[in-house]
Amino acid sequence: MSESADSRTNTLNFNVGVLGHVDSGKTSLARALSSTASTAAFDKNPQSRERGITLDLGFSSFTVDLPDHLRGSGGQQRHDSLQFTLVDCPGHASLIRTIIGGAQIIDLMMLVVDVVKGVQTQTAECLLIGELTCPRMVVVLNKVDLLPRNKRQSAIEKMTKRLHKTLESTRFKECPVIAVAAKPGGPEAPDTEEPQGVPELIELLKKQTYLPQRDPGGELLMAVDHCFSIRGQGTVMTGTILQGSLAVNDTVEIPALKVTKKIKSVQMFRKPVSGAMQGDRVGVCVTQFDPKQLERGLVCTPGTLRTLYAAVISIRKIGYFKGSLATRAKFHITVGHETVMARVTFFGLPPVGASEPLSDSKPLPSQPCCLETPFTLDREYFYQDEYLTRQGEPSSGPDPEQWALLEFERPVTCPSLCLVIGSKLDADIHANACRLAFQGRLLQGFEDKSYTETALPHLRIYKTKQKEGQVERVTDDYTVIGRNLFKKETNLQLFVGLKVALSTGETGVIEGGFGQSGKFKIRIQEGLRPETKQLLISSKKKGKGGSKGSPANEEEPKAESQPVSIHLHFKRYVFDPHKKMVQS
């Protein structure tokens, strides 16, 4: 075992995601690059074989000498070879959830583009996923054998130029572009034809490698993508370790099934090893477990993953998404290794000078976005009808800082702080539009099934409300009667004690109802100013007009002759079960 354990530490594993539009030749390219196909590799899925399209994350690998730039300085030689693990992600749009599952373990992205067709919808979506999950990219122009020989070079140059233009506004600008023919003659051609440009691609990939940040510490989290049984041995789960490490005899949990299992043996690309760590691609053997129960999912240190019914996330809209992001709308949420429907509620920081409530529809002039405000249940937040952007503003910077509450249609199992992607996967596959809507990080999860009663009341998201009425008449120096603030049927008891302001500057408190028609009495603690009293009395006389003091006119003076208005501002917490009105 010691010898194989050594081989594990001496080989640096580097995960390369092979993404691209359906039929761009990703699998042929992975096959051309690879020497060792791991169990999940090359369209093992029967449905996939029929359609000739990759349906699940295929994995395969090849090993090369360690490039000079990765050799340790000062004699600290940690690795002597470099293993490229190729993660062949599906290009089918309906399978975007699978891609997102794979993208979280990718160190370098290889975007495969059909040189004849160029960038297509899914190519753009793959680019976006790459931007969210991966620091580096190489673009491979495939199928160059389909270009006429005399025009091949100019066509490649033209396409390279066009791609660089497309990538200009992304984190991958000026990334290398290389032309190959992974399977000259197409999928049906005999294998006698040598692939073109593959040795050059391997050299380019070697140049692009770096030492990925790998940390064996912390809790184990492994993304399992395939499960099968070996007679007399047990069940093997293959996957990639996202964080932490594992070793033979460790106990691990499969949280989705609520079962724990002991690790009997560990393999890395068919070689037995004693253990493995973050970034490694492994097969883990356990006993007495039916592989049918888990095709893909997460395995972890017992008790570390939570099953959530709802969650709060940080949120950023994806620029290419053309739809609106409205509160109460439903989105496909990819989190951990699952995709589930969820209803979304958007909220942000209270407006600057929050004592002056804004209407719901106004964009928030919130605190500058660069102040990354940590989310906490101790703070109050402002309810939003939709996600707010700074589009169209003269100093168009990043969008205001904001968050979203996700309420899942079924519980999801995921690690904390994991990447969350919201999409509209039910949109038309063939429409040339991006279906990835927003991205964020999971900040707070709610594990209680009855979270609406137990947890949400602690999430203090408020709406501001404003009402306006008029002063009808003065009773004495400290009391006025108001109207038009409430409907006849309103229960005025709910509003007793709330503060109001008169347009003339005085403040008062609602003391109670007056009569049956929704009128109410206001107590002005400091007393009315003489000029306010004068104004009200003179307008009262005007209101009577020449109608000899008829009581009807005294009861209902014309609104336009009433110069003093009453303003009531309060807020309501969206998740407060008692719907209380609160004034700051």
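Y383 and F346 have their aromatic ring centers separated by at least 6.0 angstrom.
Between A223 and L298, the shortest heavy-atom contact is CA-CD2, 4.0 Å. Residues L349 and F382 come closest through the heavy atom pair O-CB, 3.8 Å. Taking every heavy atom of both residues into account, L442 and V420 meet most closely at N-CG2, 3.9 Å. In terms of heavy-atom proximity, T345 sits nearest to F347 at O-CD2, 3.8 Å. The shortest non-hydrogen separation linking M137 to P176 is O-CD, 3.7 Å. Closest of all the heavy-atom pairs between G239 and M222 is N-CE, 3.6 Å.
Side chain of K264 to main chain of V248: no donor-acceptor pair is present (N/O by atom type, distance under 3.5 Å, no hydrogens or angles). The main-chain N or O of N15 is found under 3.5 Å from a side-chain atom of D107 such that the two form a donor-acceptor pair. The backbone N or O of F289 sits less than 3.5 Å from a side-chain atom of T235, completing a donor-acceptor pair. Side-chain atoms of R441 do not come within 3.5 Å of backbone N or O of I315 as any donor-acceptor pair. Between the side chain of Q402 and the backbone N or O of P400 there is at least one donor-acceptor pair closer than 3.5 Å. Formation of a donor-acceptor pair under 3.5 Å by the S245 side chain with backbone atoms of P216 is found in this model. D290 contributes a side-chain N or O that, together with a main-chain N or O of K292, makes up a donor-acceptor pair within less than 3.5 Å. Between the D250 side chain and the A247 main chain, a donor and an acceptor come within less than 3.5 Å of each other. Side chain of N142 to main chain of A182: a donor-acceptor pair is present (N/O by atom type, distance under 3.5 Å, no hydrogens or angles).
When side chains are defined from C-beta on, L246 counts as touching V266, because their heavy atoms get closer than 4.5 Å. When side chains are defined from C-beta on, K330 counts as touching E409, because their heavy atoms get closer than 4.5 Å. Between Q293 and I254, the closest side-chain pair of non-hydrogen atoms is not below 4.5 Å. For the pair M341/H332, a side-chain contact is recorded, criterion being any heavy-atom separation below 4.5 Å from C-beta on. V64 places none of its side-chain heavy atoms less than 4.5 Å from the side chain of Q83. V139 has its side chain out of reach of I178: every pair of non-hydrogen atoms, C-beta onward, lies at least 4.5 Å apart. Contact of the V140 side chain with the L111 side chain is not registered, since no non-hydrogen atoms from C-beta on lie closer than 4.5 Å. In this structure the side chain of L308 reaches within 4.5 angstrom of the side chain of C414, judged on heavy atoms.
Side chains of T334 and T339: a donor-acceptor N/O pair is present below 3.5 angstrom, by distance only. Judged purely by distance below 3.5 Å, without hydrogens or angles, the side chains of T454 and D448 pair a donor atom with an acceptor atom. Between the side chains of D399 and Y387, at least one donor-acceptor pair of N or O atoms lies under 3.5 Å. A donor-acceptor pair shorter than 3.5 Å cannot be found between the side chains of T327 and D385. A donor-acceptor pair shorter than 3.5 Å can be found between the side chains of T307 and T413.
Between W403 and Y381, the two ring planes are perpendicular [angle over 60°; tilted spans 30° to 60°]. Taking the six-membered ring where tryptophan is involved, the planes of Y462 and Y573 are perpendicular, since the angle between them exceeds 60° and thus also 30°.
Taking CE of M110 as the start and CG of L33 as the end, the distance is 5.0 Å to the nearest 0.5 Å. Annotation: the span from R136 atom CZ to L108 atom CG amounts to 8.0 Å, rounded to 0.5 Å. Annotation: the span from F438 atom CZ to S423 atom OG amounts to 8.0 Å, rounded to 0.5 Å. Interatomic distance, CD1 of I263 versus CG of N249, reported as 8.5 Å (0.5 Å rounding). Rounding to the nearest 0.5 Å gives a distance of 6.5 Å between OG of S265 and CD of Q233. Here F14 contributes atom CZ and L205 contributes atom CG; the two are 8.5 Å apart, rounded to the nearest 0.5 Å.
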Inset, instruction - Could you check L211 against L12 for side-chain contact (heavy atoms from CB on, under 4.5 Å), going step by step and ending with a plain yes or no? - result: CA-CA 8 Å; L211 277 174; L12 171 67; 3.8 Å; yes

Inset, instruction - Assess whether side-chain contact (heavy atoms from CB on, under 4.5 Å) is satisfied between T85 and V16, documenting all intermediate values. - result: CA-CA 6 Å; T85 295; V16 178; over 6 Å; no

Inset, instruction - Would you check, one step at a time, whether the test salt bridge (charged side-chain N to carboxylate O under 4.0 Å, His left out) holds for E168 with K173? - result: CA-CA 5 Å; E168 219 167 42; K173 66 168 185 250; over 6 Å; no

Inset, instruction - Begin from the C-alpha positions of L325 and V344 and carry the test side-chain contact (heavy atoms from CB on, under 4.5 Å) through to its verdict. - result: CA-CA 9 Å; L325 301 183; V344 182; over 6 Å; no

Inset, instruction - Evaluate side-chain contact (heavy atoms from CB on, under 4.5 Å) for L19 paired with V112, printing each intermediate quantity in order. - result: CA-CA 6 Å; L19 291 95; V112 185; over 6 Å; no

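Checked for salt-bridge contact, E407 and R343 miss the test: no charged N lies under 4.0 Å from a carboxylate O. Look at E380 and R460 and you find a salt bridge, because one of the NZ, NE, NH1 or NH2 atoms lies within 4.0 Å of a carboxylate O, short of that distance. Between K258 and E253 there is no salt bridge, since no side-chain N of the basic residue sits under 4.0 Å from a carboxylate O of the acidic one.
Relative to the six-membered ring of F321, K424 misses at least one condition, a distance below 6.0 Å or an angle of at most 45° to the axis.
The side chain to side chain contact (heavy atoms under 4.5 Å, CB included) check on P67 picks up H69, L70, L82, K206, T209, with sequence neighbours excluded. Judged as a side chain to side chain contact (heavy atoms under 4.5 Å, CB included), and not counting sequence neighbours, the contacts of Q243 are E219, L221, Q278.
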